[in-house]
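Quick notes on the structure that follows.
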Amino acid sequence: MLAFIGGTGLTRMAGLTVIAKHGITTEWGDPSAAVVEGELAGKRVLFLARHGDPHVLLPHQVNYRANIAALKQAGASEIVAVNAVGGITAQAPTAAIVVPDQIIDYTWGRETTFFDRRVAPVVHVDFSWPFSVSLRQRLVTALASVHAHAINGGCYGATQGPRLETAAEISRMERDGCDIVGMTGMPEAVLARELELPYAMLSLVVNPGAGKSDVEISMEEIEAVIHAGMGKVCEALTAMVSAA
Ligand code: HPA
């Protein structure tokens, strides 16, 4: 079953008919919210609100291990994660939807593995290509089918937050090769890989990264772009499910 993780601006999914809400506990703790089982475009899907429902958890407070483990327990076989991001390069203008193909992790102090319980053999998962190629392709096709302003590929830089970055940090990230910046892509992506769940991301650019515009980044501006853009995101996800 396809599972969605909704980020900022996507606490509940438009068009999803709720069938059941599963209060799941895992050996890693409780997920951010109940796992919603529902029907979208006539197909069974799962949905989890990354920051809780209502949205109360900051990016560093999310129990990513419990979230991924709970989705797996609920029957997820693949995950599409939605997030709001800042744009760094010209490839990621505000209001565009990016389907990234790479990640650089700048977060710290988060629980980043399921494999830290000192059992042999020690596991190092391959993470050269952090996203599922076929899931990404399905997302790109679905985005095109709803005429979204979509960008196929880009590097997602994951920062710790909850504060936004300094202009110097964004410049450094640009030199590193990041196109977009968000706070939740890691460790979520690697945990999905560890549980062998194909994972891809759909990133709505909601503001220019720090220092990339003349005005201060405001939550009002971000919320307006989210409000305008999440409808398209849901349309694309529905088209993707419908095509499966
Ligand atoms: N930086 C980090 N995370 C974000 C941003 C940003 O500018 N915008 C939305 N999420």
Side-chain angles (χ1 to χ4, degrees), residues 4-11 32 48-62 64 67 80-110 112 130-131 148-151 153-190 199-234 236-237:
F4 297 111
I5 299 178
T8 301
L10 193 63
T11 299
S32 302
L48 177 60
R50 179 187 292 118
H51 299 277
D53 180 8
H55 181 143
V56 289
L57 298 168
L58 290 165
H60 68 285
Q61 295 170 331
V62 171
Y64 295 94
N67 283 357
V80 170
V82 176
N83 41 47
V85 297
I88 299 178
T89 59
Q91 194 174 323
T94 299
I97 300 172
V98 181
V99 184
D101 62 357
Q102 273 299 333
I103 298 178
I104 297 178
D105 188 7
Y106 301 90
T107 67
W108 47 268
R110 301 183 182 189
T112 57
F131 301 107
H149 178 186
I151 287 104
C155 181
Y156 176 108
T159 57
Q160 177 70 2
R163 67 167 176 85
L164 295 164
E165 298 70 36
T166 65
E169 285 168 337
I170 291 293
S171 293
R172 175 177 77 145
M173 292 177 77
E174 184 166 17
R175 289 194 299 277
D176 284 353
C178 296
D179 295 292
I180 52 178
V181 52
M183 300 173 188
T184 55
M186 286 295 283
E188 194 173 270
V190 73
Y199 176 98
M201 225 147 84
L202 205 158
S203 302
L204 174 65
V205 182
V206 296
N207 61 278
K212 290 289 175 187
S213 89
D214 303 334
V215 293
E216 233 179 68
I217 302 169
S218 78
M219 284 311 288
E220 291 74 35
E221 172 205 8
I222 289 180
E223 271 156 24
V225 182
I226 287 178
H227 189 71
M230 272 307 163
K232 209 43 154 182
V233 166
C234 288
L237 296 179

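None of the values given here were measured: they were computed from a predicted structure. Values reported hereafter were calculated over all heavy atoms of this structure, with side chains retained and with hydrogens, waters and symmetry mates removed. Indexing begins at 1, ligand by ligand and atom by atom, following the structure's order.
- Side-chain contact, Thr89 with Asp179: a donor N or O sits under 3.5 Å from an acceptor N or O.
- With hydrogens and angles ignored, the 3.5 Å screen pairs no side-chain donor or acceptor of Arg50 with any backbone N or O of Pro59.
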Enumerate, one pair per line, all nitrogen or oxygen atoms of ligand 1 lying under 3.5 Å from a protein nitrogen or oxygen, stating the separation to 0.1 Å; write 'none' if no such pair exists.
| from | atom 1 | to | atom 2 | distance (Å) |
| --- | --- | --- | --- | --- |
| ligand 1 | 1 (N) | Glu165 | OE1 | 2.7 |
| ligand 1 | 1 (N) | Glu165 | OE2 | 3.4 |
| ligand 1 | 7 (O) | Asn207 | ND2 | 3.0 |
| ligand 1 | 8 (N) | Gly86 | N | 3.3 |
| ligand 1 | 8 (N) | Asn207 | OD1 | 2.6 |
| ligand 1 | 10 (N) | Ala84 | O | 3.3 |

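- For the pair Asn67 (side chain) and Ser32 (backbone), a donor-acceptor distance under 3.5 Å is present.
- Residues Met183 and Gly161 share a closest heavy-atom pair of SD-CA, 3.7 Å.
- Counting non-hydrogen atoms of neighbouring residues, nucleotides and ligands closer than 6.0 angstrom, the NE2 atom of His60 exceeds 12 such neighbours.
- A donor-acceptor contact shorter than 3.5 Å is absent between the side chain of Glu169 and the backbone of Ala210.
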